[in-house]
Structure formats: structure tokens, C-alpha cells
Amino acid sequence: MNPETTTLVSLTKAMKRVDHKLQALEAQFKELDITKDNLTEKFENHSKTLASQAAQDELWTAVLALKFTSMELNLLYSYVIEVLICLHTRVLEKLPDLERSLPTFTSVLRRKVKNQRIRAAWESVLEESGLQEGDAAVLCAFFLAHGSHADHYAATARRTYVGDVAFVITSAVEHRALRDGLLRAVQVVDKGKAARTPEEQTSSLKHLLPSVKNQSV
């Protein structure tokens with residue numbers, strides 16, 4: 001074998017070794033990319049979880065720190081409980097075959113996590129009411145914090161006690177999500193009055209209030 005042939009053979013072997021090393025490096029880089037993507041996803045999910053927990057803690061702090069008179073608290077509770085009842089009722093209207101398995105508002109919240117039909121009905125009802133998931137969370141937090149010591153005022157009584165509930169809310173509530181959620185609750189109830197007679201509203205409230213007030217939302 002002449003020197004040129006030997007050199008060519010050596011060069012070919014060297015190129016193969018380099019090629020194998022490059023392939024190995026490429027495989028390592030792919031593994032690193034996959035690891036990086038997995039870590040990034042975990043970090044983002046963890047960050048979202050922490051942000052959600054922080055937002056929930058902030059909301060509960062704001063709800064528990066509310067400084068309303070007994071009358072004002074009853075007024076707001078009245079709007080909150082009527083919205084929760086309204087949401088529950090409208091979900092049942094969309095799912096009449098599931099009425100027995102969804103006896104309370106809590107049952108809707110619990111089962112919508114895994115049941116696509118219930119989740120779709122819930123999201124549809126929220127949209128039709130002009131509410132978002134965050135508003136529902138606000139109203140549930142308010143109900144849990146103050147429902148045990150608040151009383152419901154009917155619409156006629158509410159007009160007697162205060163003229164502008166929105167002003168009461170904006171004047172006393174600094175937490176933005178809590179303030180917006182309570183304001184939307186007032187809007188939902190006030191808009192709904194035109195579609196329902198006082199007799200229908202009272203009848204529905206008496207029928208559904210116990211099942212809502214005795215549950216953990």
C-alpha cells in the first residue's frame with residue numbers, strides 16, 4: 001500500500017470517527033433540548049400554581065378584611081346568593097337529565113372538573129350571564145366567608161335600605177377582582193329582574209336557598 005493510499009485510508013477513518021462523534025453530540029443535544037423543554041414546562045406550571053395560590057390568598061385576605069355594616073353585608077350577601085342560585089338553576093335547565101345528580105351548587109362545581117357536558121353547560125351559563133370563572137370564585141369566597149352570619153334581603157327591601165349598591169362596593173372594596181365580581185353580581189341580578197316577576201323570584205329563592213346555604217362551595 002503506497003503512502004497516498006495509507007493517508008486516504010487514515011483520513012477516511014478519521015472522518016468516520018468525527019462523524020460518529022458529531023452524531024453522538026447531536027443525540028446529546030436532542031436529549032438536552034427535551035430536558036430543557038420539560039424543565040421549562042414544569043417551571044411554568046409551578047409558576048402558574050404559585051401565582052394562583054398567591055391570588056387566592058390575596059382574595060381571601062381581602063374578603064375577610066371587608067369592613068361593611070351589618071346592613072351592607074346583608075345587601076351584598078343577597079346579591080351573591082341570588083347569583084349563585086341563578087347559576088345553579090341555569091345549569092340545571094341546560095342539563096335536565098342530570099337534575100337529580102346536581103342537587104346543589106357545589107355538586108356542579110365539583111363535577112364540572114371531570115364531566116365535559118357539565119363543564120360546557122357551566123361555561124355557557126357564565127358567558128350568558130356576563131360572568132367569568134374568576135367572578136364565580138369571588139362570589140364563592142364571599143359566600144363562604146360571610147354566608148353563615150348574613151341574611152337575605154328581598155329586592156323590595158334592598159331598595160329601602162340603600163339607593164346605590166355599586167357606590168357602596170366601589171367605596172369600600174379595594175381588591176380589584178373582588179370589587180369587579182361583586183359589581184357584576186349586582187348587574188346580573190338587576191338585569192334579571194325584568195325577566196322574572198317578584199313572585200317567581202321569591203319562590204325560587206325559598207326553594208333553592210337552603211341547598212346553597214348549607215353546603216361548602
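Fair warning: this is a prediction, and the values are worked out from it, not measured in the lab. Every heavy atom of this structure was used, including side-chain atoms; hydrogens, water molecules and symmetry mates were not. Counting from 1, the numbers follow the sequence of the chain as shown.
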Just by distance, with hydrogens left out, do [X] and [Y] show a side-chain donor and acceptor under 3.5 Å apart?
X	Y	value
Q23	D19	yes
Q187	R184	no
S129	R90	yes

If you apply the rule side-chain contact (heavy atoms from CB on, under 4.5 Å), what do you find for V168 with L75, and how did you get there? CA-CA 10 Å; V168 173; L75 285 168; over 6 Å; no
Out of L182, V189, V138, which one pairs with V80 under the side-chain contact (heavy atoms from CB on, under 4.5 Å) rule?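 Among the candidates, only L182 passes.
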In Å, rounded to the nearest 0.5 Å, how long is the span from [atom1] of [X] to [atom2] of [Y]?
X	Y	atom1	atom2	value
C140	L87	SG	CG	8.5 Å
D180	H175	CG	NE2	10.0 Å
Q132	L126	CD	CG	9.0 Å
L76	L139	CG	CG	10.5 Å
E127	W122	CD	CH2	13.5 Å

Can you label the angle between the H146 ring and the F142 ring as parallel, tilted or perpendicular, going by 30° and 60°?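 If you compare the ring of H146 with that of F142, the planes turn out tilted.
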Ring geometry between H88 and F105 (parallel below 30°, tilted from 30 to 60°, perpendicular above 60°):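 Perpendicular.
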Check whether any side-chain heavy atom of [X] sits under 4.5 Å from a side-chain heavy atom of [Y], and report yes or no.
X	Y	answer
L178	L66	yes
S78	D151	no
V173	F68	yes
N74	H152	no

Return the minimal non-hydrogen interatomic distance between L64 and A145, and the atom names on each side.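 Closest approach of L64 to A145, heavy atoms only: CD2-CB, 3.9 Å.
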Please name the pair of heavy atoms, one in A141 and one in V63, separated by the smallest distance, quoted to 0.1 Å.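 That closest heavy-atom pairing would be O-CG1, 3.8 Å.
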Can you tell me if [X] uses its side chain to pair, donor with acceptor, with the backbone of [Y] under 3.5 Å?
X	Y	result
R179	T170	no
E123	A120	no
T160	T156	yes

Look at R158 together with E82 and state whether they make a salt bridge at an N to O cut-off of under 4.0 Å.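 Looking at R158 and E82, the cut-off is met.
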Pair E133 + K112, salt bridge at N-O below 4.0 Å: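 Looking at K112 together with E133, the answer is yes, because their closest N to O distance falls below 4.0 Å.
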Show the atom names and distances, to 0.1 Å, of all donor-acceptor pairs under 3.5 Å that link a side chain in residues 94-101 to residues at least two apart or in another chain.
unit_1: K94; atom_1: NZ; unit_2: S124; atom_2: OG; d: 3.4
unit_1: K94; atom_1: NZ; unit_2: E128; atom_2: OE2; d: 2.9
unit_1: D97; atom_1: OD1; unit_2: R117; atom_2: NH2; d: 3.2
unit_1: D97; atom_1: OD2; unit_2: R117; atom_2: NH1; d: 3.0
unit_1: S101; atom_1: OG; unit_2: L98; atom_2: O; d: 2.9
unit_1: S101; atom_1: OG; unit_2: R111; atom_2: NH1; d: 3.0

Verdict with reasoning, Y79 to L183, per side-chain contact (heavy atoms from CB on, under 4.5 Å): CA-CA 10 Å; Y79 282 101; L183 288 172; over 6 Å; no
Dump the intermediate steps for side-chain contact (heavy atoms from CB on, under 4.5 Å) on L131 and V83, then the final yes or no. CA-CA 10 Å; L131 299 174; V83 171; 3.9 Å; yes
